[in-house]
Amino acid sequence: MMPSRREPLRLVRLEVLTPTHLGSAAGEAALDRPTERESFFGLPFVPDSALKGNLAASWGDVDDLVVNEPREARFGSPDRGGEAGKPDRPGRPSPFSIGNGELISFPMPTREGRVAWVVPALSLARLLEREGLPADEAAAAGLVAIERFESPERFAAWPARPAVDALAGMEALDQPLSDDLAGSVGSRLDRYLGAGHETGSRIVVSSRTAGRLFHQAAELRSLTALGVGKVVSSGTLRRVELVPPGTVFVATLSGKAPDLPPRLQVGAWESLGCGWLALGAIEPRTATKTSFESGDLLDPAAEMADMHQAIERLAAEAPELAAKAGAAIDRFGPRAAFTGFASALAFALAKARPSDPEPSLEARAHRWLLGTLLDLAGGVPAVREVSQPLLDWLVRDRFSSFRLAQEKDRTLLRWRWLRRSAELGLANLAEGPPE
């Protein structure tokens with residue numbers, strides 16, 4: 001039986017041990033190599049591809065001729081031989097997925113020579129909501145309140161407001177709320193940061209503010225290249241941005257992952273000692289899904305895990321739908337981009353024929369797709385007829401503009417992860433090209 005979202009999530013702590021460059025090649029006016037950041041708030045993250053690639057590298061290389069069974073059993077294998085699209089030996093998908101490492105805390109120097117720890121409110125609220133204990137609801141709601149305060153910007157700090165120049169002009173939250181956050185959030189934050197993480201003043205700010213503060217907290221280095229006679233080569237001076245030691249990210253695991261090493265090196269300039277991370281599992285808690293008035297926060301890691309599990313479940317329970325489901329997935333996103341989200345939903349609903357008592361394979365595939373994207377099963381959907389939930393959804397929502405606006409971001413996020421998981425998870429099941 002496939003796991004569902006109700007089971008404890010598998011979270012991995014990634015603590016930066018040495019300055020780390022997480023690899024954007026695009027420069028800025030006064031910075032040749034900034035670290036990679038997510039587009040919404042400008043916060044750094046550890047790309048899932050970097051994590052998985054470096055984990056796999058410890059098991060050796062993979063090429064088109066030689067089979068590396070130890071690595072391929074753990075991380076999947078490529079297609080080998082034959083023509084494009086018709087390999088002699090089809091590859092195997094990876095048995096697990098790992099999400100991006102999302103920023104939870106980074107150090108900020110103070111005028112007193114100490115360290116304050118900056119926490120993006122939204123990132124922490126997502127983790128609390130993702131694990132879903134009822135006691136977390138009030139804490140998460142308090143964090144969301146900070147996330148929503150942009151003018152004037154507000155923050156919570158404990159045990160006291162640190163002497164950080166970047167906080168000038170910002171307004172501290174009222175003491176009662178600060179006390180509440182210190183009590184309810186502090187212990188939960190300790191769990192994510194791990195034992196032995198340096199203590200000090202903590203600042204909870206909105207994600208946008210955290211992105212601005214990171215510019216000041218990041219370490220900047222100047223690098224050159226030496227030529228003959230150990231003389232600096234002309235035109236090689238460059239300024240690079242590094243994630244400072246002590247920064248903590250959290251990633252989500254889904255599926256059958258190999259044992260994680262205690263240390264992992266990622267990013268650029270590994271020969272200089274950059275990029276060492278300490279990896280550690282965050283012990284799962286018994287979770288019960290809860291919700292709070294958070295403005296429908298998106299949780300990319302949880303959606304990634306759900307879509308990976310949905311593809312695994314479809315492949316196990318209804319492999320005959322693979323070709324039609326793959327085609328339906330491929331067409332939904334581009335149609336939403338070019339003709340609009342409502343149009344894409346309407347097309348998929350027409351193909352699903354929810355009132356047809358004897359649906360074709362194509363109709364069943366579209367029913368499964370809509371049930372997955374709209375989360376009609378309240379989690380990872382079983383491969384079963386979803387005609388009644390679809391009809392109920394139509395009656396309840398009737399394509400209202402308000403409801404579509406609420407559904408759009410999450411549905412398209414789920415579609416992106418679904419398409420990514422389906423590329424390998426369904427490819428080997430499809431017999432012939434989809435019609």
Could you pull out the closest heavy-atom pair between [X] and [Y], with the gap in Å?
X      : Y      : result
Ile98  : Leu51  : CD1-CD1, 4.0 Å
Ala278 : Arg263 : CB-NH1, 3.8 Å
Ser77  : Glu72  : CB-OE1, 3.2 Å
Thr110 : Val115 : CG2-C, 4.3 Å

Derivation of the side chain to side chain contact (heavy atoms under 4.5 Å, CB included) call for Ile104 and Leu127: CA-CA 9 Å; Ile104 293 300; Leu127 273 180; 3.3 Å; yes
Salt-bridge criterion met for Asp48 and Arg420 (N-O under 4.0 Å):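 Result for this pair is yes, salt bridge flagged.
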Carboxylate-amine/guanidinium proximity below 4.0 Å for Arg313 and Asp306: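 Looking at Asp306 together with Arg313, the answer is no, because their closest N to O distance does not fall below 4.0 Å.
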Any residue meeting ring-ring contact (aromatic ring centres under 6.0 Å, His included) with Phe214, in chain and number order, not counting sequence neighbours: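 For Phe214 the ring-ring contact (aromatic ring centres under 6.0 Å, His included) partners, ignoring immediate neighbours, are Phe106.
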Full working for side chain to side chain contact (heavy atoms under 4.5 Å, CB included) between Ser105 and Val118: CA-CA 5 Å; Ser105 178; Val118 179; 6.0 Å; no
Are [X] and [Y] close enough that a side-chain donor and a side-chain acceptor fall under 3.5 Å?
X      : Y     : result
Thr247 : Glu15 : no
Ser94  : Lys52 : yes
His308 : Ser97 : yes

Point-to-point distance, once rounded to the nearest 0.5 Å, from CG of Leu124 to CZ of Arg188: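 That separation rounds to 9.5 Å.
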Other residues, nucleotides, ligands: >12 heavy atoms within 6.0 Å of Trp59 CH2: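 No - once you tally the heavy atoms of other residues, nucleotides and ligands closer than 6.0 Å, there are 12 at most.
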Evaluation steps, ring-ring contact (aromatic ring centres under 6.0 Å, His included), between Phe347 and Phe332: CA-CA 9 Å; Phe347 181 87; Phe332 183 88; 9.5 Å; no
Evaluation steps, side chain to side chain contact (heavy atoms under 4.5 Å, CB included), between Leu314 and Trp368: CA-CA 9 Å; Leu314 177 68; Trp368 171 84; 3.8 Å; yes
Stepwise salt bridge (Lys or Arg N to Asp or Glu O under 4.0 Å) check, Arg221 with Glu219: CA-CA 7 Å; Arg221 288 190 183 180; Glu219 181 178 332; 2.9 Å; yes
Option from Val204, Ile203, Leu143 for which side-chain contact (heavy atoms from CB on, under 4.5 Å) with Val119 holds: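 Answer to the side-chain contact (heavy atoms from CB on, under 4.5 Å) test with Val119 among Val204, Ile203, Leu143: Val204.
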Less than 4.5 Å apart, side chain to side chain, heavy atoms only: is that true for [X] and [Y]?
X      : Y      : answer
Glu241 : Leu220 : yes
Pro19  : Trp269 : no
Val12  : Phe249 : no

Sidechain-backbone polar pair: Thr411 side chain, Leu374 backbone, donor-acceptor under 3.5 Å: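 No: the side chain of Thr411 does not pair with the backbone of Leu374.
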Side-chain (Glu38) to main-chain (Phe45) donor-acceptor, under 3.5 angstrom: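 Checked: no pair found.
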